[in-house]
Amino acid sequence: MHTYKLDKPDNLVDLLEESVARYPDNLLFGTKNQQKMYEWITYRDFGRRVDNLRGGLAQLGVTKGDAVGIIANNRVEWAEASFATYGLGGRYVPMYEAELLHVWKYIVKDSGVKVLFVANPAVYEKVKDFPKDIPTLERIFIIDGAGENTMAAVEKLGAAHPVPSLRPDPDDIAGLIYTSGTTGDPKGVLLSHGNLTSNTLAGIKKYPELNEKARTLAILPWAHSYGQTAELHAVIRMGASMGLAESPATIAGDLALVKPNWLVAVPRVFNRIYDGLLKKMEETGGLAKTLFDMGVAAAKKKRELAAQGKTCMLTNLKFKIADKVVFAKVREKMGGRLMGCMSGSAAMNPDIAQFFFDIGIPIYDCYGMTETSPSIAMNASYAYRLGSVGQAIDKVKIVIDSSVVQEGATDGEIVVYGPNVMKGYHNKPEQTREVMTADGGIRTGDRGRLDQDGYLYITGRIKEQFKLENGKFVFPAAMEEDICLHPYVQNAVVYGENRPYTICLVVPDFVAVEAYAEKNHLPRDMDMLMEREEIRFMIGNGITELLKKKYGGYEIPKKFVFLKENFTLENGLLTQTMKLKRRVVVEKYRALIEAQYGKK
């Protein structure tokens with residue numbers, strides 16, 4: 001087994017309290033008020049609230065090892081409850097506000113939650129009877145509410161009965177993060193204080209340009225380790241600030257209000273911005289479209305010349321004009337101050353990443369998983385390669401196991417060693433053994449390769465890859481990401497396990513298709529539209545042409561199935577982190593899939 005010398009702070013209590021002492025007057029959290037403007041609280045204010053809530057939880061009998069749960073979206077109270085729990089040596093158990101009732105109940109019961117905070121009376125009404133079936137659950141408090149049954153009342157109790165914070169050991173469990181999974185019950189990932197702090201400090205080392213003057217817009221859910229480590233804990237450690245996005249639908253407006261100089265997000269956010277920009281350019285046409293195309297072409301030529309150590313005055317002038325007239329407006333819409341972005345959860349499309357680099361908003365692709373707290377590898381401003389997910393972070397080692405893939409492959413399963421590796425799955429020793437190696441590593445289930453400089457490239461998922469009837473392997477995830485760049489596609493699933501060819505389930509972009517119909521004087525009924533051969537051909541042929549640039553003929557789908565429903569959390573086809581539940585999708589549309597192979 002490996003042992004690791006951890007940097008300080010090696011627990012989350014010290015991480016917060018050191019920053020409160022060092023940056024008491026710095027702004028920390030900004031939240032929207034009723035006038036839709038951001039109001040801010042300082043580190044000192046937040047530290048005081050944490051102290052009060054810790055005292056209140058102590059009065060309620062929360063002690064070392066007890067679990068405190070929360071059902072709420074990102075908010076100041078979410079962070080407050082987490083650090084109050086850590087200060088008592090407790091375990092924090094976050095749950096998504098948009099989650100199924102039976103999942104909440106399973107998590108509360110499995111983790112042994114003692115005190116539960118819920119966002120509002122509506123959530124409370126759904127969970128108020130939980131204590132009848134869950135013996136550990138003693139009290140439930142509402143965050144947005146009045147009276148004795150509220151978080152404010154617990155804070156008030158603590159203000160009258162203060163207690164000092166405990167110093168957790170790095171190996172003490174800080175929290176449980178339940179992975180949605182695609183089948184079976186969620187798994188509670190046990191993450192220690194050492195896991196989370198080591199990951200936070202390693203991430204900060206990758207971005208030396210960030211300091212206490214940094215500001216971000218918090219858009220990642222803190223119920224996931226990515227949001228906790230890369231956003232919440234990293235910002236607090238630096239003494240920086242974050243505005244909390246009101247909702248996914250308001251991100252564009254929130255960016256303009258908060259004016260972040262740094263953003264931590266997922267490819268979906270950047271893909272939407274890019275897709276929206278291309279659509280707007282097509283609709284606008286004229287001079288704006290001409291300048292946009294000129295700027296993109298000039299940026300590409302500038303890069304090619306720079307690689308040869310050359311430059312061209314005309315190319316530079318073309319880019320300068322496009323940048324001033326078009327690209328500057330894109331930067332302004334994203335707040336006008338962004339000097340960089342970090343992207344994780346899935347691989348960025350290199351073409352989209354390159355576009356943002358060209359217009360002055362570099363996106364650094366990173367890689368991790370819940371079970372590794374989450375960061376494993378990161379690109380950075382001083383060391384990046386487009387198409388890769390960067391080099392291993394500090395104290396982490398990446399090994400490629402080629403024994404689990406076909407002979408002759410240049411890649412293999414990514415195995416990770418480091419202080420970021422989880423302690424295991426709560427109450428699931430068998431599943432823990434399945435992923436943990438005998439010498440303390442963790443099998444990620446992802447396929448990848450390392451280049452000569454240690455940059456990691458993700459090549460697929462071990463479980464998601466499939467073999468065609470002819471024995472050739474297909475890795476659908478990357479292909480699906482590319483298919484979703486088609487202007488009339490929202491989502492896609494490529495299938496073909498043990499079949500003669502692949503097919504593609506396509507969720508059209510219904511808004512875009514409707515706009516096309518209106519422009520071309522077609523009936524706007526979506527069912528009728530999707531039956532029209534010209535619409536099917538336009539989308540299917542467009543996908544084929546798109547894929548021909550990167551994929552072999554055997555990989556490209558031969559047939560397309562057009563679906564009338566998107567993949568969502570509500571219909572159970574996406575996880576909370578917006579990942580596809582591939583098996584569930586395939587089972588739901590099994591009859592449609594089989595029909596494609598029955599047709600000649």
Side-chain angles (χ1 to χ4, degrees), residues 182-183 267-268 271 275 346-347 349 405-406 445 447 458-510 512-513 516 526-568 571-575 578-600:
T182 55
T183 55
R268 188 177 290 258
N271 291 352
D275 194 37
N349 177 285
V405 296
Q406 68 271 30
R447 288 185 71 148
I458 307 300
T459 55
R461 282 284 294 167
I462 294 290
K463 289 181 181 176
E464 289 179 358
Q465 70 185 28
F466 58 80
K467 192 186 285 188
L468 291 170
E469 199 175 70
N470 61 11
K472 291 186 176 180
F473 279 89
V474 175
F475 307 99
M479 209 184 326
E480 289 157 358
E481 287 283 331
D482 287 338
I483 291 170
C484 290
L485 295 177
H486 189 290
Y488 293 100
V489 175
Q490 280 192 86
N491 264 310
V493 172
V494 174
Y495 177 84
E497 189 167 5
N498 296 320
R499 303 299 185 127
Y501 50 83
T502 62
I503 65 166
C504 183
L505 303 177
V506 178
V507 178
D509 185 323
F510 303 115
V513 171
Y516 174 88
M526 193 54 61
D527 288 347
M528 289 175 63
L529 274 175
M530 293 318 302
E531 291 301 322
R532 293 182 74 96
E533 198 56 42
E534 66 189 276
I535 300 289
R536 288 170 169 260
F537 177 79
M538 177 183 70
I539 298 174
N541 189 60
I543 291 171
T544 301
E545 292 303 312
L546 193 69
L547 296 181
K548 278 180 181 177
K549 300 171 187 175
K550 286 175 65 176
Y551 300 93
Y554 68 91
E555 296 172 286
I556 297 172
K558 300 293 185 287
K559 294 182 180 180
F560 299 92
V561 178
F562 295 93
L563 306 179
K564 297 176 183 177
E565 178 186 28
N566 198 6
F567 308 147
T568 65
N571 62 21
L573 301 181
L574 291 181
T575 70
M578 309 308 287
K579 289 191 177 77
L580 182 73
K581 292 188 177 181
R582 188 176 301 277
R583 292 180 193 171
V584 180
V585 172
V586 169
E587 281 311 308
K588 178 168 182 173
Y589 296 107
R590 175 68 68 185
L592 283 173
I593 290 169
E594 294 298 336
Q596 303 312 303
Y597 293 104
K599 295 176 183 176
K600 299 297 181 189

Inset, instruction - Anything under 30° is parallel, anything over 60° is perpendicular, the rest tilted; go ahead and classify Y589 against F567. - result: tilted
Legend entry - Short side-chain to backbone donor-acceptor contact, Y501 and I556, under 3.5 Å: no
Inset, instruction - Look at the side chain of Q596 and the backbone N and O of L592, then say whether any donor-acceptor pair between them is shorter than 3.5 Å. - result: yes
Inset, instruction - Before accepting this row, confirm whether a basic side-chain N of the pair R536/E533 lies closer than 4.0 Å to the acidic partner's carboxylate O. - result: no
With rounding to the nearest 0.5 angstrom, report the [atom1] to [atom2] distance, [X] to [Y].
X: K550; Y: D482; atom1: NZ; atom2: CG; answer: 3.5 Å
X: N491; Y: I483; atom1: CG; atom2: CD1; answer: 10.5 Å
X: M526; Y: F562; atom1: CE; atom2: CZ; answer: 12.5 Å
X: M528; Y: I535; atom1: CE; atom2: CD1; answer: 11.5 Å

Inset, instruction - Please assess E481 against N271 for the test side chain to side chain contact (heavy atoms under 4.5 Å, CB included), listing each intermediate value before the final yes or no. - result: CA-CA 10 Å; E481 287 283 331; N271 291 352; 3.9 Å; yes
Inset, instruction - Would you check, one step at a time, whether the test salt bridge (Lys or Arg N to Asp or Glu O under 4.0 Å) holds for R590 with E594? - result: CA-CA 6 Å; R590 175 68 68 185; E594 294 298 336; 3.7 Å; yes
Inset, instruction - Might you point out which heavy atoms bring L574 and K581 nearest each other, and give the distance in Å? - result: O-CE, 3.7 Å
Legend entry - Closest contact, heavy atoms only, Q490 versus N566: OE1-ND2, 3.0 Å
Legend entry - Sub-4.5 Å side-chain heavy-atom contact between K548 and T544: yes
Legend entry - All side-chain hydrogen bond (donor to acceptor under 3.5 Å, both in side chains) counterparts of T502, not counting sequence neighbours: none
Legend entry - Of V585, I593, L505, the residue whose pairing with Y495 passes side chain to side chain contact (heavy atoms under 4.5 Å, CB included): I593
